[in-house]
Amino acid sequence: ETGVTQSPTHLIKTRGQQVTLRCSSQSGHNTVSWYQQALGQGPQFIFQYYREEENGRGNFPPRFSGLQFPNYSSELNVNALELDDSALYLCASSLELGSGELFFGEGSRLTVL
Amino acid sequence: AQTVTQSQPEMSVQEAETVTLSCTYDTSESDYYLFWYKQPPSRQMILVIRQEAYKQQNATENRFSVNFQKAAKSFSLKISDSQLGDAAMYFCAYRSAVHGGSQGNLIFGKGTKLSVKP
């Protein structure tokens, strides 16, 4: 059984650019959520997708957007990057909406210069 | 809004000894889940243990156990017979049991860095 995989693992962007991060859910999981983890902090919820529809959003501006595809893989897009967007971005999948356990990927480390 | 507080930024334990990590939370809900996640330098969040709020019995997973005090809104993690591989960041997390919406997301504390001394 393949776990949650994310790409790229590391990337560097400059302020104002756009970035796309990708996530493949664990096999059979139809719910995916994204978290931002700043250095020295706990992860913060960005949004969740269930069966290709956004199903909950945290306190992040609209320049953070996402997609979930029919195979339940997902993308996180961030436009107009700011220095404070530098963080580890974690993707997590779960078997069903409301399922208690999330399975996390290893994250994408984004550095904005 | 729910909050999770971990008051110990760093803890240290001798190998083979026992250590307890503290976590308190605030919620007005009666039905929810509580979790402890481990994040080693590899960055991947690994579930250590899970507790359903409706269960009075404390969860146990091998060397890991919790002390769940619902009235006090406390959820501590005890690691027995500590091993070098236990060294990591430990995060306490809360999740509402209400389906749908942002209530399904995890709310994390700021974490406790655990060091294990040989």
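Every chain is numbered from 1, with letters handed out A, B, ... down the list of sequences. Here the structure is a predicted model, which is why all the values come from computation and not from measurement.
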*Considering residues, nucleotides and ligands other than A/Q44, do more than 12 of their heavy atoms fall under 6.0 Å from its CD?*
no
Shared ILVMFWY cluster between [X] and [Y], side chains joined below 4.5 angstrom?
| X | Y | result |
| --- | --- | --- |
| B/F35 | A/V32 | no |
| B/V13 | B/Y90 | yes |
| A/F47 | A/F69 | no |
| B/L47 | B/F64 | no |

*For chain A, which of B/K110, B/M89, B/K113, B/Q44 has the most heavy-atom pairs under 4.5 Å?*
B/Q44
*So do the side chains of B/L106 and A/F104 get within less than 4.5 Å of each other, counting heavy atoms only?*
yes
_Segment of B/Q39 engaging chain A (4.5 angstrom heavy-atom cut-off)_ = side chain
*Considering residues at least two apart in sequence or located in another chain, which fulfil the salt bridge (Lys or Arg N to Asp or Glu O under 4.0 Å) criterion with A/E54?*
A/R57
*Please report the shortest heavy-atom distance between B/Y37 and A/L102, naming the atom on each side.*
OH-O, 3.3 Å
*Please round to the nearest 0.5 Å and tell me the distance separating atom CZ of B/F91 and atom CD of A/Q41.*
8.5 Å
*Once you round to the nearest 0.5 Å, how far does OG of A/S108 lie from CZ of B/R43?*
7.0 Å
*asked:* For chain B, which candidate among A/G105, A/S33, A/A92, A/G40 shows the most heavy-atom pairs at distances under 4.5 Å?
replied: A/G105
